[in-house]
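We're numbering straight along the sequence, starting at 1. These numbers were taken from a predicted model, which means no experiment stands behind them.
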Amino acid sequence: MNPYQVARQAIDAAHAADPRQSPDGSPAEKIYADRMEGWVSRLVPGAEPLLLLAARCQHLERWSVPRDSYPSGRAGYLAWRRSLYTRQAERARGLLLGAGLAPAEADEAAAWVSKTGLKTNPGTQALEDAACLVFLENEIGAFAAQHSDYPREKFIDILRKTWRKMSSNARNFALGLELPDTIAGLIKEAVES
């Protein structure tokens with residue numbers, strides 16, 4: 001096996017430790033990694049193996065740092081996310097180095113995973129675009145159900161912020177998603193306002 005294949009196995013072994021399971025028994029984090037990689041492949045045709053590996057690291061061992069380990073509220077949420085970016089990037093770098101990738105490649109992938117250079121670094125932007133598309137395609141319904149106490153305007157604001165983070169290429173893909181009418185209406189309202 002080449003170093004990229006070894007790295008993928010190591011990353012997926014880390015995903016396998018996720019205690020959250022899908023209805024079919026697959027680790028939830030592995031499903032997320034598959035979705036991320038799938039979107040990066042669509043967003044960046046012919047994506048290099050390093051970018052695909054970084055996509056699989058987007059939520060690497062996120063389950064090990066629960067949201068409630070940080071204070072509630074926006075400041076606590078932002079601190080939690082920043083800590084995850086750093087932790088996930090360091091873990092990804094270690095797995096890639098352990099698989100035999102060159103330090104420069106491991107550093108580059110870690111920069112993408114840590115969100116360094118969002119809007120200016122194509123690799124970082126590809127991961128952000130994929131994460132936004134995974135959210136819109138697969139997670140927004142559960143998110144809305146979990147936060148049913150949020151007023152409509154808060155959902156629209158969340159969607160506006162998501163939209164602003166996306167490249168025009170990702171926005172085009174987002175507009176082509178088949179979504180429930182309620183969600184599609186909220187997205188339309190967020191985009192047009």
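Note that CD of E105 is 5.5 Å distant from CG of L50, once rounded to the nearest 0.5 Å. Interatomic distance, I140 CD1 to T162 OG1, rounded to the nearest 0.5 Å: 7.0 Å. We find the CG-CD distance between L43 and Q125 to be 9.5 Å, quoted to the nearest 0.5 Å. In this structure, CZ on R93 lies 11.0 Å from CG on L101, to the nearest 0.5 angstrom.
If you check the side chains of S26 and D24, you find a donor sitting under 3.5 Å from an acceptor. Using modelled atom types, one finds no donor on one side chain facing an acceptor on the other under 3.5 Å when comparing T116 with Y85. Side-chain atoms of S72 and R67 include no donor-acceptor pair closer than 3.5 Å. Inspection of the E137 and W39 side chains reveals an N or O donor paired with an N or O acceptor under 3.5 Å.
A190 and L159 make their closest contact through CB-CB, 3.7 Å (heavy atoms, listed as atom of the first residue, atom of the second, distance). Shown here for Y4 and P49, the closest heavy-atom pair between the two residues is CD2-CB, 3.8 Å. A pairwise comparison of heavy atoms in A54 and W112 identifies CB-CE3, 3.6 Å as the closest pair. Nearest heavy-atom pair, E29 versus A14, reported as atom, atom and distance to 0.1 Å: OE2-O, 4.2 Å.
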Quick one: do R8 and R56 satisfy side chain to side chain contact (heavy atoms under 4.5 Å, CB included)? Show the steps, please.
-> CA-CA 8 Å; R8 184 184 172 95; R56 299 193 73 73; 3.4 Å; yes
CA sep, side-chain torsions, deciding dist, call: E61, R91, side chain to side chain contact (heavy atoms under 4.5 Å, CB included) | CA-CA 9 Å; E61 297 174 343; R91 181 73 166 118; 2.9 Å; yes
Passes side chain to side chain contact (heavy atoms under 4.5 Å, CB included), S41 versus L52? Steps please.
-> CA-CA 7 Å; S41 294; L52 298 176; 3.5 Å; yes
Please lay out, stage by stage, how L60 and L95 fare under the test side chain to side chain contact (heavy atoms under 4.5 Å, CB included).
-> CA-CA 11 Å; L60 187 59; L95 289 173; 3.9 Å; yes
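Salt-bridge annotation for D18 and K30: absent, with no side-chain N of the basic residue lying under 4.0 Å from a carboxylate O of the acidic one. Under a 4.0 Å N-O distance rule, the pair K119/E128 does not qualify as a salt bridge.
The side-chain heavy atoms of S69 and V65, taken from C-beta on, include a pair separated by under 4.5 Å.
The aromatic rings of H59 and Y32 lie parallel to each other, their planes meeting at an angle below 30°, with 60° marking the opposite boundary. Between F143 and H147, the ring-plane angle classifies as tilted under the 30° and 60° cut-offs.
A donor-acceptor pair is defined here as one N or O able to donate and one able to accept, closer than 3.5 Å; no such pair exists between the side chain of D12 and the backbone of H15.
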